[in-house]
Q: 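Sharing a structure here in structure tokens format.
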Amino acid sequence: MQNGDKRKIYSRRKIKVKIAILGYGNLGKGIECAVKQNDDMELACVFTRRDPKTLTIKTAGVPVYAATEVEAHKDEFDVLILCGGSATDLPTQTPEYAKICNVVDSFDTHARIPEHFANVDAAAKSGNNTALISCGWDPGMFSLNRLYANAILPDGKDYTFWGKGVSQGHSDAIRRVEGVQDGKQYTIPVDSALEAVRSGANPELTTRQKHIRECFVVAKEGADKARIEAEIKNMPNYFADYDTTVHFISQEELDRDHSGIPHGGFVIRSGKTGWDNEFNNIIEYSLKLDSNPAFTSAVLVAYARAVYRMNKEGATGCKTVFDVAPAYLSALSGEELRAHLL
């Protein structure tokens, strides 16, 4: 019997974790698919800011409610996964809903994570709930690998490269600019910088030297393109620190040439070991993703399982991936994990 078959058999023994989704865009749809792949979970309901009557989801028999009705239906689910954007949605949504129920979000504005954590921590504790923020692949899986590599190679340097791929958060930030109808943003590693790191040269690299950002923007009719371009290029926390190119194209071109949402990247730590630091070591973790939101959703669902377990054990307040034991992510028991994965 293969490990995958064993996993299905073991997971069927478990109580199902009831998942709710807030927001049914690319990330929300990915959550629905990820829940379907986990036999110890079930989709309880979907909340939307659209008219619930107009929304058709894939899972038969699951109700769709208005986003304003979360508190009224909080007894129907165990964990609410928030699928809004980091620019304007999650800074207000996550604290708001953490007062009501257990939540997980994918807040990815790195510079504002400490502020977001503090706001969500206070809210979750006030409601005796468990919240987990900044979950996905970066922040999230890449964060864990940075931590592991730092602990193992204390004498070394970290390097993180993203792409080439579509950043959901940065694309969302573009679309929030006044006069923008639609848009996609690609993050692209600078090849020479990546090669220098892999060689063990330990280069000092600025943010601008590691990546470029390429934006494809559909402007609304009559919009000031020069203002839109300037606003994008000077946006703090998103584009201001990078060489950014903005291309204005038609909606037809965007739909034809930029419909996919691929992404990926590399976390690399170059460090020394030995009495005299005589040994060179490179730790590299990489991801290559056909669909950024589908993979991010899979991570969110695994951490929703952990949040459910931690809350049942009495842990409240805000958490990050650093606070979650790996075993809490798996549907397998400790005995099963030791037998099959250790």
Side-chain angles (χ1 to χ4, degrees), residues 17 19-23 25-28 30-31 34-35 47 67 70-71 74 77-148 160 162 167-170 172-173 236-238 263 267 292-293 295-326 328-329:
V17 181
I19 301 296
I21 299 170
L22 177 64
N26 288 325
L27 196 58
I31 298 294
V35 169
F47 296 96
V70 170
E71 187 165 14
K74 66 179 183 179
F77 60 88
D78 299 309
V79 183
L80 175 67
I81 301 180
L82 305 172
C83 300
S86 298
T88 57
D89 293 330
L90 298 178
T92 56
Q93 285 182 349
T94 311
E96 175 187 353
Y97 293 112
K99 295 177 183 177
I100 299 169
C101 57
N102 301 322
V103 298
V104 178
D105 82 13
S106 59
F107 183 79
D108 66 355
T109 307
H110 292 261
R112 294 187 61 195
I113 286 175
E115 170 193 350
H116 187 55
F117 180 94
N119 292 336
V120 176
D121 190 49
K125 285 177 178 175
S126 73
N128 205 34
N129 296 312
T130 308
L132 189 132
I133 66 162
S134 301
C135 180
W137 59 273
D138 198 5
M141 302 307 295
F142 275 16
S143 311
L144 284 174
N145 281 276
R146 283 189 285 266
L147 186 153
Y148 289 142
T160 301
W162 301 285
S167 168
Q168 295 177 95
H170 287 71
D172 178 69
N237 300 323
Y238 284 89
H263 218 328
V267 172
N292 183 355
F295 184 81
T296 300
S297 298
V299 181
L300 287 164
V301 166
Y303 275 90
R305 177 187 290 114
V307 164
Y308 169 77
R309 291 176 174 177
M310 293 168 74
N311 184 259
K312 288 296 183 184
E313 293 179 358
T316 61
C318 190
K319 312 295 179 185
T320 72
V321 295
F322 297 144
D323 305 307
V324 179
Y328 281 64
L329 302 174

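Atom set for the values below is all heavy atoms of this structure, side chains included, hydrogens, waters and symmetry mates excluded.
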Q: State whether the side chain of N129 and the backbone N or O of K99 hold a donor-acceptor pair below 3.5 Å, judged by distance alone.
A: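 Answer holds: yes.
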
Q: Can you tell me if N119 uses its side chain to pair, donor with acceptor, with the backbone of F117 under 3.5 Å?
A: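 No.
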
Q: I'd like to check the ring pair (Phe, Tyr, Trp, His ring centres under 6.0 Å) partners of F107; sequence neighbours left out, ordered by chain and number.
A: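 Result, ring pair (Phe, Tyr, Trp, His ring centres under 6.0 Å) vs F107: H116.
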
Q: How close do I21 and G28 get, heavy atom to heavy atom, and via which atoms?
A: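 In this case the closest contact between I21 and G28 is CD1-O, 3.5 Å.
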
Q: Are V103 and T94 packed together at the side-chain level, in the sense that at least one heavy-atom pair is separated by less than 4.5 angstrom?
A: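 Yes - at least one pair of side-chain heavy atoms lies under 4.5 Å apart.
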
Q: On a heavy-atom basis, which atom in A123 and which in P95 lie closest, and how many Å separate them?
A: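 That would be CB-O, 3.2 Å.
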
Q: Would you call M141 and V267 a side-chain contact if the rule is heavy atoms closer than 4.5 Å?
A: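 Sidechains of V267 and M141: no contact.
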
Q: Could you please spell out the steps behind the side-chain contact (heavy atoms from CB on, under 4.5 Å) verdict for I19 and I81?
A: CA-CA 7 Å; I19 301 296; I81 301 180; 3.8 Å; yes

Q: Going by the salt bridge (Lys or Arg N to Asp or Glu O under 4.0 Å) test, which pairs reach into residues 83-97, not counting sequence neighbours?
A: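 Checked against salt bridge (Lys or Arg N to Asp or Glu O under 4.0 Å) - neighbours excluded - the pairs reaching residues 83-97 are R49-D89, D89-R176.
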
Q: Are V321 and P139 side-chain neighbours, meaning at least one heavy-atom pair lies under 4.5 Å?
A: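 Not in contact.
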
Q: How close do D138 and S143 get, heavy atom to heavy atom, and via which atoms?
A: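 Answer, listing the atom of D138 first, then S143: OD1-OG, 4.1 Å.
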
Q: Quick one: list whatever passes side chain to side chain contact (heavy atoms under 4.5 Å, CB included) with N128, sequence neighbours left out.
A: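 Applying side chain to side chain contact (heavy atoms under 4.5 Å, CB included) to N128 gives T316.
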
Q: What is the distance from atom NZ of K74 to atom OH of Y97, rounded to the nearest 0.5 Å?
A: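 One finds 13.5 Å between NZ of K74 and OH of Y97.
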
Q: Testing the basics here: between A98 and A131, what is the closest heavy-atom pair and its distance to 0.1 Å?
A: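 Answer, listing the atom of A98 first, then A131: CB-CB, 4.3 Å.
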
Q: Taking side chain as C-beta onward, heavy atoms only, is W137 less than 4.5 Å from H263?
A: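 Side chain of W137 against side chain of H263, heavy atoms only: contact under 4.5 Å found.
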
Q: Suppose we screen for ring pair (Phe, Tyr, Trp, His ring centres under 6.0 Å). Which residues come up paired with H170, at least two apart in sequence or across chains?
A: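 For H170, the residues satisfying ring pair (Phe, Tyr, Trp, His ring centres under 6.0 Å) (neighbours in sequence not counted) are Y238, F239.
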
Q: Please report the shortest heavy-atom distance between A306 and L329, naming the atom on each side.
A: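 In terms of heavy atoms, the two residues are closest at CB-CD2, 4.0 Å.
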
Q: How would you list, by chain and number, every residue that makes a side-chain hydrogen bond (donor to acceptor under 3.5 Å, both in side chains) with E71, sequence neighbours excluded?
A: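 Counting only residues at least two positions away or on another chain, E71 forms no side-chain hydrogen bond (donor to acceptor under 3.5 Å, both in side chains).
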
Q: Only counting residues at least two apart or in another chain, list the ones meeting side-chain hydrogen bond (donor to acceptor under 3.5 Å, both in side chains) with T296.
A: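 If we apply the side-chain hydrogen bond (donor to acceptor under 3.5 Å, both in side chains) test to T296, skipping adjacent residues, the hits are N292.
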
Q: Is any side-chain heavy atom of F47 closer than 4.5 Å to a side-chain heavy atom of F77?
A: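 Side chain of F47 against side chain of F77, heavy atoms only: contact under 4.5 Å found.
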
Q: Would a 4.5 Å heavy-atom cut-off, applied to side chains only, mark S167 and W162 as touching?
A: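 S167 vs W162: side chains apart.
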
Q: With T130, which residues qualify under side-chain hydrogen bond (donor to acceptor under 3.5 Å, both in side chains), at least two apart?
A: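 By the side-chain hydrogen bond (donor to acceptor under 3.5 Å, both in side chains) rule, T130 matches N311.
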
Q: Partners of A118 by side chain to side chain contact (heavy atoms under 4.5 Å, CB included), sequence neighbours excluded?
A: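 None.
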
Q: Would you please test S86 and T109 for side-chain contact (heavy atoms from CB on, under 4.5 Å) and show each step?
A: CA-CA 6 Å; S86 298; T109 307; 3.7 Å; yes

Q: Quick one, L300 and I31 - any side-chain contact, counting heavy atoms below 4.5 Å?
A: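 L300 vs I31: side chains touch.
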
Q: Please test C83 against L22 for side-chain contact (heavy atoms from CB on, under 4.5 Å), starting from the C-alpha separation and ending with a verdict.
A: CA-CA 6 Å; C83 300; L22 177 64; over 6 Å; no

Q: Would you call D78 and R305 a salt bridge, taking side-chain N to carboxylate O under 4.0 Å as the test?
A: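 Between R305 and D78 there is no salt bridge, as every charged N stays at least 4.0 Å from the carboxylate O atoms.
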
Q: Of all the heavy-atom pairs spanning A111 and N237, show the shortest one and how long it is.
A: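 So the minimum-distance heavy-atom pair works out to CB-OD1, 3.6 Å.
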
Q: Once salt bridge (charged side-chain N to carboxylate O under 4.0 Å, His left out) is applied, do any residues pair with K125, and if so which ones, sequence neighbours excluded?
A: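 Counting only residues at least two positions away or on another chain, K125 forms a salt bridge (charged side-chain N to carboxylate O under 4.0 Å, His left out) with D121.
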
Q: Taking only residues at least two apart or on different chains, which pairs with a member in residues 101-110 satisfy salt bridge (Lys or Arg N to Asp or Glu O under 4.0 Å)?
A: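 Sorted result for residues 101-110: empty, none.
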
Q: Please list, chain by chain and in numerical order, all residues satisfying side-chain hydrogen bond (donor to acceptor under 3.5 Å, both in side chains) with Y328, sequence neighbours excluded.
A: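 Per chain and number, Y328 pairs via side-chain hydrogen bond (donor to acceptor under 3.5 Å, both in side chains) with E313.
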
Q: Out of V104, V301, L132, which residue meets the side-chain contact (heavy atoms from CB on, under 4.5 Å) rule with V79?
A: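 The single option meeting the side-chain contact (heavy atoms from CB on, under 4.5 Å) with V79 is V104.
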
Q: So do the side chains of T320 and S134 get within less than 4.5 Å of each other, counting heavy atoms only?
A: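 Result no, sub-4.5 Å side-chain heavy-atom pair not found.
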
Q: Begin from the C-alpha positions of L80 and N102 and carry the test side-chain contact (heavy atoms from CB on, under 4.5 Å) through to its verdict.
A: CA-CA 6 Å; L80 175 67; N102 301 322; over 6 Å; no

Q: Quick one: OG on S106 to CG on L90, what's the gap to the nearest 0.5 Å?
A: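 With rounding to 0.5 Å, OG (S106) is 5.5 Å from CG (L90).
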
